[in-house]
Amino acid sequence: MENGDAVGFVEVGDDLTVTTNSPSQIEMSVLNGYLTQFTSQYQLASTIIKVDPTQAKILQNPPKVSDSAVTVEKQASGNEITAFEYYAIAMIAMMMMFGINTGINVFREEKVRHTDVRLFIAPIRKSTAIIGNFLGAIFMQTVALILLMTVSQLFFGVHWGQNALLIFVIYFSLLLLSVALGMAVDVFSNGNPAATGAASILVQVFAFLGGAYFPTGDGLMSKLSPIGWVRVGVRDVMYNNVISASFWPIALNISITLVLVVVMSYWIRRKEVY
């Protein structure tokens, strides 16, 4: 040990004496591991001898434990999911957020096809026209959501679990919000083509803050983005089985959607044009 050929010397007597010669941090960690294991075995031997000295021979020839004697089952938690599972959750949320483009094109297509005039003079309330177009716009996005969740589970191993329907509702509430937001952008901008570009930038900002491109945790950044609060809610429901985690994103998304629909109805009724 003095020549540096050994890390340390352990003398076992009435006391345990350890002598070292300036070991490195790694060597000291290995030595501590050996000493901890030795101490545990020594305490076990002392206890066995005190309880039943005839069983001391077990220490010399300990029975071998089969590999199947102990099984460990561990449920995945929201902090230990794989990268693919994380991005599957986040990217589906981002795809639902792109429903904003669908919302923008709802009234724009009416103008291109020149059906907006007939819709305007039809004997129906403006709110009825808005809600009808709104429901029609979300149909294809709903089909896309079902396909994304199905394909990710069947072919890529993302197990949505027993709360899959609740997770679908969380994503669907985000879809409602994105379509309503797109319609609002088009209505309030009077159909300005620049609104499409602005909406795409807005989605990218939401994706950046919400963790669609890189993990952002559960902090302030995620709370500023619909993608973020949906991602966190889906994760907690899916892996931690926290049902209450779905209440916040669903309630917030639907509340914002209702506000946008009401404001659009008032705006259109006041201007009397689309």
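If you chain together hydrophobic residues whose side chains sit under 4.5 Å apart, M95 and V205 fall into the same group.
When every heavy atom of L174 is checked against every heavy atom of A93, the shortest pair comes out as CD2-O, 3.3 Å.
Atom CD1 in I100 sits 8.0 Å away from atom OG in S200 (nearest 0.5 Å). A distance of 11.5 Å separates CD1 of I170 from CZ of R235, quoted to the nearest 0.5 Å.
Residues N253 and F172 are not in side-chain contact: their nearest non-hydrogen atoms beyond the backbone lie 4.5 Å or more apart.
Under a 3.5 Å cut-off, the side chain of S178 and the backbone N or O of M96 do form a donor-acceptor pair.
Counting non-hydrogen atoms of neighbouring residues, nucleotides and ligands closer than 6.0 angstrom, the CZ atom of F214 exceeds 12 such neighbours. Within a 6.0 Å radius of CE in M221, more than 12 heavy atoms belonging to other residues, nucleotides or ligands are found. The environment of F208 atom CZ is sparse: at most 12 non-hydrogen atoms of other residues, nucleotides or ligands sit within 6.0 angstrom. Remark: Y34 OH is loosely packed, at most 12 non-hydrogen atoms of other residues, nucleotides or ligands lying under 6.0 Å away.
With sequence neighbours left out, F9 forms a ring-ring contact (aromatic ring centres under 6.0 Å, His included) with no residue at all. Remark: S255 engages no residue in a side-chain contact (heavy atoms from CB on, under 4.5 Å) (not counting sequence neighbours).
Residues in residues 140-162 take part in these ring pair (Phe, Tyr, Trp, His ring centres under 6.0 Å) pairs, two or more places apart or across chains: F84-F156.
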